[in-house]
Each structure stands twice: as C-alpha cells, then as structure tokens.
Amino acid sequence: MYQHPTMDPQTQERLSTIRHSFSHLLAAAVQQMRPEAKLGIGPAIDDGFYYDFLVDQPFSLADLKEIEKRMRKLAGRKLAFSQSSMGMAEAKALLAGQGEALKVELVEDLASQGETEVSFYQLGDFSDLCKGPHVAGTQELPLKAFKLDRVAGAYWRGDEKRPMLSRIYGLAFLTPEDLAAHIEQREEAERRDHRKLGKEMDLFVISPDVGKGLPMFTDKGTTIRRALERFIVDEELKRGYLHVQTPILGRKHLYEISGHWEHYQDSMYPPINVDGEDYVLRPMTCPHHFMLYAARPRSYRELPVRYAEISPMYRKERSGELTGLIRVMGFHLADAHIFCKPEDVKPVFREVVDLIGFVMETLGLAERCWYRLSLRDDHKEKYIDAPESWARAEKDMREICEELKLDAQVEPGHAAFYGPKLDVQMATVGGREETLFTNQIDIALAQRFHLEYIAEDGSRRMPWVVHRSSIGCLERTIAFLVEHYAGALPLWMMPVQVKVLPITDEQAPYAAQVKAQLEALGLRVELDDRKETLNRKVREAKMQKIPYLCVVGSREALEGTVTATNRDTDRKSTLPLDQFAAAVLKEHAARSRVLAAAGAA
RNA sequence: GCCGGUGUAGCUCAGGGGUAGAGCAGCUGAUUCGUAAUCAGCAGGUCGCGGGUUCGAAUCCCAUCGCCGGCUCCA
C-alpha cells in the first residue's frame, strides 16, 4: 500500500491522527443522515480510514456523495474534538441508552481486560467511544486531500458468524498532491495487474465454461511455467531431493488417516464414489509421499529422505475468494516432504531456508518478500490436538528464525492444522498480502501414518517431517512475477526472448538464418516478416516486452551482424551475429536479470 | 459464501424506452519502409443469460451467471 517515501515517524503519526479524525467526521455525517445507524469501529488504515455501521439498508456508492458533502459542511463549522472520560458502568449505561450495542460490547471487553475508565470524543453533536488521539478541531483536517472511496460489507469483529456491517472507506492524505499520487499509483497498479497483463501477453485464460478458479495456460504461459519448472527441478536434484510422481486422486480413507478429512474438509471436494469406494481430489500431497516413504523399511543411514514433486492439487474455495492466478481452485505446487531424524530438524530446515533464499534471489523477488512465522491461535478445533508437540515445534521454529536472523513477523492463527509454518509473504500490486512459499514442521502426520526408521541401535523411531515449497505454487508465483516486472520478465523465463525484424523482404533469407542460428542454441525466437513498417514492428515488439529486438537490414545482411535493441535500456548496438548469440545464450543459461548482450547501459 | 459495484464487437469505450456506434485489433488490396501506430476498403454484436412490465426493452423491474473491490478464508 501507499507509503510516503520520506515520511518520518512524527509525520506518520500526525497523518494517522488526521485519518482517524476523518473517520469520526464520517460517522458524524452518517448519523445525521441515518440516525438509526449504529456504530462499529472506525480506524485509520494505510491509505485513509473506514467506519463500520450497523444499518438495515447497506450503503451504496450513490450514498457516498451525500455523505461526503455533509462531512465537508460539518468540517466547515470548525468543530472541536473534545475528550472526556468516565467509569465503565457509566459508559455502558450511556451507550446502552443510545442503543449502541456494539459499543457496549467493546466496553465490556475493555472491562474484562481490567480497564476501569474509558474515553469519549465529542465532535459537535456526535459522541463516540474512542481512545484517540484526534486533531484539535475540524479546521486542521486537509479537506482537499480526502475523498470517500468505496463501500463494502464487513463482519463485526471479523467473524463471519456475526452480523455484517456496512463499511465506508475513505482516502486521506496530508496534501492534495499525495492524494493524487495515491490515485495515480492505483491506476499504475491496475496496469501491472497480472490479470490484465496475462490477457495482453496471452499467458493464460480463465473460461467460465471450464470453471472459475481453473486457469488454463496458453503456449506462452506454459513456456514461463516450463522455465520455472526446469529451474526448480534441476536445483532440487542438485540439492539431494528425489523427484517423484503421485496421483491427484486418493482414497478418502487416506485423508481420514492424515486428519485432512477431519480438519481440512471444508477445503476439499466431495468424494467421488467408485464401486462403493470413496475417492477425493487431493488438497495436499503429503499423504501420498508418506505412503512412498512407508512402502519399505527405512534406515537412519538414508535420512533425510527428500521427496519432491510439482504436484497438481485441488482446493475448494468460496466463489468470492478467487482471484486470477493468485487464488485458484486447481493449482500446481512445487512441494516436498523431508523425512529426518528429530535431532536433524534444524539443519534440514536451514537447508530449506537456504533453498528458498536462493530461489527468491534468482527470481528477483527477494527484496519484495518477508517472512512470517505462523503459529496457532485459540481456535483449538482447527488444529491437531497435541499441545506438547505444538509447543516444541513452535519453539524449534522460533529458534530457527533467530539463528538464521530471519526477522519473521509472528502471527498466531496461520499455522497448518498439523504444525507451525514459516511463510514467505509478498504483496500484490493491489496491496494485498499473499503467501508465496510456505514451510512447515509437521508434528502429527508421521505418527498418524506410523512412519518410522531403524535407528543406529536397532530401535524403531519416528522421523520428523518438514513440508516445504521451494518456488511455491506456479500459478501464484507467475502472477507475482508478472506484476513485479510489469510483464518485462527476466530473459530466461520470457516466452519470446528475441524477435528478428527484417526491414524489407530482401533480408528475409538472412532474417531466417538469424532466427535459425539463435534457435539452434535453444533460444526462443520469433521472426516478424509481415509486410509492415519497421516502426510498427518495433512498437508491437516493445509492447510485448521482448528482451532483444534484432533489426536486420541490407547492412546487417551484408556484414553478418544484427542491430539489437535492449528492452530495459532502450539502447541499441550493432554486433556480429555470433557474438550476439553467444552473449544472449550466456545470459539465458546464467538466468541473469540484466540484459547486456546488446545495448547495455 | 456475505456486502457494494459492474457486464454493449477480440480489446478500450460511447449510446439509456422506438429494434446498435467509434478507435484499435482482424480480413483484403496497395505501400518495401532503419527503431513505438503507412494508406484505403471490407467484415464483425440475438447489448452476459432467463423471465417480467410495455404497442415496443440494450435501455425499466426481477432472477441468475461472470467479473471487480471489500469481509471471511487461503498456496
């Protein structure tokens, strides 16, 4: 989301105060228009503020104009924000008298946390339970730097079992310029959106007839995927992973053993009954890999066993949750399960962190990602019931983060049902946070599947299992890459790496030769021999973000050269074809993110 | 799934009760061109789908589907 590049903490705090004050102004205006509207909460957020209201009739976009007008009118009266405080019982009685049931609940919560007093802010006729701070009065609000934005439904306290409130979002900044910049940035984000670019670049298609959340990759999109798959499979093989292949269907029984059926059923498709036996589409690969492990006795000597697979999986999602390639129902995860001795879990995990670090670096996403340590929360029913193992695994996970100086954000409530996770997080261009990769210590499944190995002393022991994804879900990773690079992907994953543009028909034979020579090296090349002007061919190729354009005219044909334009620098240089080809091949093979074969900066 | 918004040609959009329009893309022809749109012509839509109101619906109403933003959920 929008962050002012040079904002010091004080200014940031001031802005947050202003935004919060705007939210009160909003609530005041709303209560003028709809006295029956009950108040939820109204905090400052990254780009402004919102306020939640309990109303019979949800607000529509058309209401915003009128509300904003009233806000401006109220602000024009130069109202002061004044604070007062009172005891819990008094506050509760006051709010109850006003019919503010949601606020009463907040007071009760504060009371149960041991608070003895609460604070109210008064703005004109409008009073609200609020700890502040606020600006002194409405004359301090930058009215030209704010704007009501949109409406949305939001469950009270984020709980879908509780009533849905009507939320009004507003944008607010310190200056009109900042507001304009934010709106401009939003438009830029729209242009970078992988859904838009994916269509323009012809990478994937989501057909309602096939099904929402079930993307299909075109040849170009498939080329990107293949580049990523080859990269990760080769890298994993180098690092001791064993690549395997397992089916996407499995007996329901298998998932009853794993606990998925009990803990994860909401995300699974209903069983397919075949001759009296129930099968389910797999939501995860772990049970299959466990059965591979369990198929024969294992010695401590062969541990750690690292089974990897780029595995298709299907998870049921509610329709409103699907987004382009980022949130889908059928996807492909670069998954692996590492079976190790319990005492080896740290080195094994360190090795996993090293791999994902390498992957992020190679993809060029490292500086945009951060770590999240995902632990349990109080909703015990979501997790396997094994408090001691949880405590141990969470402790291990924390220690690993500390040892590796990962600076992970700790977040309760995001753990897998079978163990804590170390996630790699990233933000979409739209500002929404998503998980790119995830790694887990599994405290439960080895036991449920009775996995074991023979230890040095001949005893049978239970291995620990680490689940991890190295390059994540291919669909999602591609979406992030497209957004991060605004479509101008690194050479090695670009569907078309070089485009040959002959100036006239006379150069057709030479252009074909250039293409053939580059292709013989394994590069992906297109020839544009249409009867179009060079200007047009260049324009179209640039819009397609082709890394290198090779213009060949009579001069190049005569000399055996190409005049290549560099996508990233927009510079060009004329050089012998052999030399250009070798340089591009080198960049391709090295998975370089810098284009320097021609027109280097 | 819930709340709000939205759906007109492949794409971007105009039109808002009297049975459809532009630009680009496409096709045909001419142009043989040195780094971001050569010119001309042609073709293209039962206005998401289904009901209803009306003499008449792309336009109003209802329902439904897709898409977008949010909530919930999540790789």
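Keep in mind the model is a prediction, meaning the values are calculated, not measured. Chain identifiers are assigned alphabetically (A, B, ...) following the order of the sequence lines, protein sequences preceding nucleic acid strands; residue numbering begins at 1 within each chain.
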Student: Roughly how many Å apart are B:C27 and B:G44, using the C1' atom of each and rounding to a whole number?
Tutor: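 One C1' to the other, the span is 10 Å.
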Student: Looking across every strand, which nucleic acid part, if any, lies under 4.0 Å from A:S319 by heavy atom: base, sugar-phosphate, or nothing?
Tutor: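 Since a base atom lies under 4.0 Å of A:S319, the category is base.
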Student: With rounding to the closest Å, how many angstrom separate the P atoms on B:U8 and B:C13?
Tutor: 9 Å
Student: Contact class for A:E434 (heavy atom, under 4.0 Å): base, sugar-phosphate, or nothing?
Tutor: base
Student: Looking at A:Q245, I want to see if its CD is surrounded by more than 12 non-hydrogen atoms of other residues, nucleotides or ligands under 6.0 Å.
Tutor: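 Counting neighbours around CD of A:Q245, 12 or fewer heavy atoms of other residues, nucleotides or ligands fall under 6.0 Å, so no.
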Student: Please determine, for B:C67, whether a Watson-Crick or G-U wobble partner exists with both distances under 3.5 Å, and give it or none.
Tutor: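 Pairing partner: B:G5.
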Student: Are A:F49 and A:Y51 close enough that their ring centres sit under 6.0 Å apart?
Tutor: no
Student: Under a 3.5 Å cut-off for both distances, is B:U32 Watson-Crick or wobble paired, and to whom?
Tutor: none
Student: Tell me what A:Y50 touches on the nucleic acid: a base, only sugar-phosphate, or nothing, going by heavy atoms under 4.0 Å.
Tutor: nothing
Student: Report yes if a donor N or O on one partner sits less than 3.5 Å from an acceptor N or O on the other, where the partners are the side chain of A:R167 and the base of B:C3; otherwise report no.
Tutor: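 A donor-acceptor contact between them is absent.
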Student: Does any non-hydrogen side-chain atom of A:E235 lie less than 4.5 Å from one of A:I471?
Tutor: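 Side chain of A:I471 against side chain of A:E235, heavy atoms only: no contact under 4.5 Å found.
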Student: Strictly under 4.0 angstrom, non-hydrogen atoms only: write out the protein contact profile of nucleotides 27-40 of chain B, one letter per nucleotide from the 5' end, B, S or -.
Tutor: ----BBBBBBBB--
Student: At less than 3.5 Å, do the side-chain atoms of A:Y155 and the base atoms of B:G1 form a donor-acceptor pair?
Tutor: yes
Student: Going by modelled atom types, is there a donor-acceptor pair between the base of B:A75 and the side chain of A:Q425 at under 3.5 Å?
Tutor: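 Result: no qualifying N/O pair found.
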Student: Determine which nucleotide pairs with B:U46, using a 3.5 Å limit on both distances of a Watson-Crick or G-U wobble pair.
Tutor: none
Student: Rounded to whole Å, how long is the line connecting atom NE2 of A:H263 with atom P of B:C74?
Tutor: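 Value for this atom pair: 14 Å.
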Student: From CD of A:E317 over to P of B:C67, roughly how many Å is that when rounded to an integer?
Tutor: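 Distance check: A:E317 CD to B:C67 P gives 13 Å.
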Student: What is the distance from CG of A:L148 to P of B:G70, rounded to the nearest Å?
Tutor: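 After rounding, the reported distance stands at 17 Å.
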Student: Below 4.5 Å, heavy atoms only, C-beta onward: do A:E556 and A:Y510 meet side chain to side chain?
Tutor: yes
Student: Counting the atoms with a prime plus P, OP1 and OP2 as sugar-phosphate, which does A:R468 contact under 4.0 Å by heavy atoms, base, sugar-phosphate, or nothing?
Tutor: nothing
Student: When we call it a touch if two heavy atoms are under 4.0 Å apart, what does A:G158 touch: a base, just sugar-phosphate, or nothing?
Tutor: sugar-phosphate
Student: Of all residues at least two apart in sequence or in a different chain, which pass the side chain to side chain donor-acceptor pair (under 3.5 Å) check with A:K542?
Tutor: A:D570
Student: Take the protein atom CG of A:L197 and the nucleotide atom P of B:C11, then report the distance between them rounded to whole Å.
Tutor: 16 Å
Student: Got a salt bridge between A:E229 and A:R226, using NZ or NE/NH1/NH2 to carboxylate O under 4.0 Å?
Tutor: no
Student: Could you measure between the two C1' atoms, the one in B:G41 and the one in B:G34, and give it in whole Å?
Tutor: 29 Å
Student: Is A:M284 close to A:S311 at the side-chain level, that is, under 4.5 Å between some pair of heavy atoms?
Tutor: no
Student: Which value, in whole Å, describes the distance between the C1' atoms of nucleotides B:A22 and B:A63?
Tutor: 33 Å
Student: List the steps, then state whether side chain to side chain donor-acceptor pair (under 3.5 Å) holds for A:D335 with A:T285.
Tutor: CA-CA 7 Å; A:D335 207 1; A:T285 326; 2.9 Å; yes
Student: How long is the gap from CG on A:L214 to NZ on A:K212, to the nearest 0.5 Å?
Tutor: 10.5 Å
Student: Assess the side chains of A:R555 and A:T563: does a donor N or O sit below 3.5 Å from an acceptor N or O?
Tutor: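 A:T563 and A:R555 do not have a side-chain donor-acceptor pair below 3.5 Å.
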Student: If you find the nucleotide of RNA chain B closest to A:G324 and the one closest to A:Q57, which residue's nucleotide is nearer the 5' end?
Tutor: A:Q57
Student: Go through residues 61-70 of chain A and report each residue with a non-hydrogen atom lying under 4.0 Å from RNA chain B, sorted by number.
Tutor: A:L61
Student: I'd like the P distance from B:C2 over to B:C60, given in whole Å.
Tutor: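 My reading of the P atoms in B:C60 and B:C2 gives 25 Å.
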Student: Parallel under 30°, tilted from 30 to 60°, perpendicular over 60°: which one fits the rings of A:F358 and A:F231?
Tutor: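 A:F358 vs A:F231 ring planes: tilted.
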